[in-house]
Amino acid sequence: MQLDVILSSITLALMGMIFFTYLANKIPFNFPYIIKPYEKYAGALPFFGSLFGIICGYYLNIASMKSAKLDYKIIIIVFIFAIIGYLRDRYRFSKRIIFLISLIFTAISVCYYFPGLSTSKLISYTSFIMVLLVCLKISSLVYEMPFILISTSAIAHMLFMFNSSDYNVILALIDLSLAVYSVATIIHSFSGYRILISNSGILASGIALALVSLMEQTGNLIWFCFFIPAMAILYPIAFISLMILTSYFGNKLHKTSDEDKHGWRWSLNREKTINFSALIFLCLNFTGLLVMLKAPFWGYLCLLALLFLSMTSFIKTFARKLSVDEIKSNKIDLLGIKIDALLSQEVLNRIEEHIKNPESGFMHIITADSLALARTEKDSEFKKIMENAEMVIPDGAGIVWAADFIATPLPSRVPGVALVSQVCKLSGQNNYKIFFIGSKPGIALKASEILKEQTKANIVGVEHGYFKKDSEEEKKMLQKIQESNADVVFVALGVPRQEDFITKLRNYSKHVIAIGVGGSFDVISGTLPRAPQWMQRFGMEWLFRLCLEPKRITRMIDIPVFVINVMRYKLNNDD
């Protein structure tokens with residue numbers, strides 16, 4: 001394809017995209033959900049504008065493209081998928097219905113465009129397209145990611161075809177329209193204003209990219225296009241995991257004690273992260289391209305150098321060695337929940353002050369981990385309990401990592417197991433009255449006996465936690481705590497059951513400190529062994545316990561949700 005044809009096609013594609021996006025801005029879509037002030041729904045219109053400009057360029061340059069014949073089948077298919085996506089955007093059809101409709105129309109489209117296919121090829125082509133569409137949808141969790149996938153893949157497609165002796169001009173033009181609209185949308189997003197292509201745009205551009213891969217006769221692009229679903233799934237996981245490990249272990253390895261607050265500051269500037277991701281995607285696409293073209297060794301060396309420079313540049317931006325003494329108050333805001341930024345000794349001092357002051361009232365202390373914060377996203381009652389608690393201390397390593405990652409570092413972690421022992425030690429020194437409730441029958445008793453022997457704690461009551469919520473037995477337990485006149489109550493019923501119990505305790509005991517301690521009694525009693533010291537240092541007790549109790553894996557599903565929310569917050573709030 002001649003250079004002047006490419007340049008005129010790019011110009012017309014860009015003009016078409018701008019015009020169709022302008023039209024989208026003038027259409028009152030009136031969606032049944034809230035669109036942010038800096039966002040405007042455009043659906044598949046920007047892609048159709050780019051495609052319309054390419055078609056105009058084809059007819060303007062038809063004299064130099066006599067062997068190329070524009071096939072409108074692909075445009076019809078793209079239009080159908082844009083409508084399917086619009087149904088989801090406008091009328092909020094369920095994901096299952098949209099998936100089923102897309103699957104049916106994908107099979108019909110394959111039969112329509114490739115008549116006479118065998119059953120096995122029909123199934124494989126349909127599966128390939130559906131995997132590609134699903135992965136593009138998954139990648140849309142980060143606004144720019146679908147555009148990066150589409151643009152880098154389309155550019156690599158064109159380079160592959162241009163190196164072929166008998167490439168299809170029409171396929172190259174469709175790739176060009178995809179590349180132009182994707183790159184232009186990414187650049188436009190840096191202005192702070194977003195064009196929402198949503199499901200309509202994702203399905204339309206995804207089916208176009210998939211059909212281009214299927215129509216290329218050698219079959220190389222089919223295998224090449226599998227890079228897209230692989231990168232959509234594996235790259236974000238690998239990238240996020242690398243940042244988590246770097247940010248978590250970086251400071252853990254650097255710090256010699258909890259009081260050492262000089263470590264690494266993590267910067268996740270949105271524009272630089274998107275640019276870095278685009279470079280990585282491009283490098284991965286070019287790797288596949290070099291393999292298919294049987295490129296010489298120096299080609300791989302150049303690509304490796306580009307990848308190395310990109311990663312070095314990102315690491316220098318991401319990890320900067322600075323002082324992180326930036327705690328401006330005794331509480332930090334972590335995804336909408338106030339966490340107390342206190343050392344273990346400061347927590348104990350507050351407990352003592354509260355016990356000594358007869359007017360201090362009820363005190364609820366929550367030992368929070370990442371699962372607790374993740375629960376607040378879907379459980380409004382639990383979120384309200386956390387907001388009303390007098391103190392929320394960071395028990396889990398995930399909380400400490402998240403606070404450090406979003407540049408509001410906590411001075412230390414306050415493990416629930418250690419807190420129980422420390423409070424019991426205070427009880428032995430000052431005769432504070434302690435009440436144990438929770439765990440299986442016999443476990444709380446054993447834990448209390450061990451602690452009484454070690455610390456001389458004044459334990460005035462011990463009860464198991466095997467009673468039903470809102471039962472008469474639960475009321476009796478609450479009354480026993482009230483009658484014991486305990487100063488501190490350790491409640492080990494698990495989250496959120498223990499927090500609900502403590503909320504009810506407010507109506508019975510007006511001057512008591514109630515602390516939810518999860519599985520601490522199991523560890524103290526020796527029912528569950530304590531993690532090795534090195535795992536405790538790196539906050540990996542959760543992994544040790546998961547190995548001992550594999551059934552806890554179902555609870556771990558919320559951890560990726562928590563991590564994603566932290567990453568989103570960081571990405572959208574860093575300068």
Does atom [atom1] of [X] have more than 12 heavy-atom neighbours, drawn from other residues, nucleotides or ligands, at distances under 6.0 Å?
X      : atom1 : result
Phe19  : CZ    : no
Lys338 : NZ    : no
Met130 : CE    : yes
Phe20  : CZ    : yes

Exercise for the section: Let me see the working for Phe114 and Leu122 under side chain to side chain contact (heavy atoms under 4.5 Å, CB included), right down to the final yes or no. Expected result: CA-CA 9 Å; Phe114 305 98; Leu122 172 63; over 6 Å; no
Taking the side chain as C-beta and beyond, is there a heavy-atom pair between [X] and [Y] under 4.5 Å?
X      : Y      : answer
Ile55  : Tyr72  : yes
Ile197 : Phe147 : yes
Glu144 : Ser189 : yes
Val495 : Leu371 : no
Ile195 : Pro46  : yes
Leu7   : Val5   : no
Met17  : Phe52  : no
Ile75  : Phe79  : no

Which atoms form the tightest heavy-atom contact between [X] and [Y], and what is the distance?
X      : Y      : value
Ile150 : Ser182 : CG2-OG, 3.2 Å
Ala24  : Leu45  : CB-CD1, 3.7 Å
Met386 : Leu373 : CE-CD1, 4.0 Å
Phe81  : Ser109 : CE1-OG, 3.7 Å
Ser177 : Ser50  : O-OG, 2.7 Å
Ile54  : Ser9   : CD1-O, 3.7 Å

Practice task
Kindly indicate whether a cation-pi arrangement holds for Arg194 with Tyr143, taking the cut-offs as under 6.0 Å to the six-membered ring centre and within 45° of the axis.
Solution key: yes
Problem - Axial cation check for Tyr112 ring with Lys73, 6.0 Å and 45° limits - result: yes
Problem - Arg375 backbone acceptor or donor facing Asp379 side chain under 3.5 Å - result: no
Practice task
Please lay out, stage by stage, how Tyr58 and Val169 fare under the test side chain to side chain contact (heavy atoms under 4.5 Å, CB included).
Solution key: CA-CA 10 Å; Tyr58 165 77; Val169 175; 5.9 Å; no
Which distance, rounded to the nearest 0.5 Å, do you find between the [atom1] of [X] and the [atom2] of [Y]?
X      : Y      : atom1 : atom2 : answer
Asp175 : Ser213 : CG    : OG    : 7.5 Å
Ile129 : Leu133 : CD1   : CG    : 7.0 Å
Ile6   : Leu176 : CD1   : CG    : 7.5 Å
Phe105 : Ile83  : CZ    : CD1   : 10.5 Å
Lys137 : Leu132 : NZ    : CG    : 14.5 Å
Ile337 : Ile339 : CD1   : CD1   : 7.0 Å

Problem - Check: Tyr86/Asn199 side-chain N/O donor and acceptor closer than 3.5 Å - result: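 Their side chains do not contain a donor-acceptor pair, so the 3.5 Å distance test is not met.
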Practice task
Return yes if a side-chain donor-acceptor contact under 3.5 Å exists between Ser200 and Ser198, otherwise no.
Solution key: no
Problem - Tyr38 and Tyr193 aromatic centres sub-6.0 Å - result: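 No, too far apart.
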Handout entry: Derivation of the side chain to side chain contact (heavy atoms under 4.5 Å, CB included) call for Val392 and Glu387
Key = CA-CA 9 Å; Val392 180; Glu387 289 173 341; over 6 Å; no
Practice task
Evaluate side chain to side chain contact (heavy atoms under 4.5 Å, CB included) for Ser102 paired with Leu203, printing each intermediate quantity in order.
Solution key: CA-CA 9 Å; Ser102 300; Leu203 291 183; 4.2 Å; yes
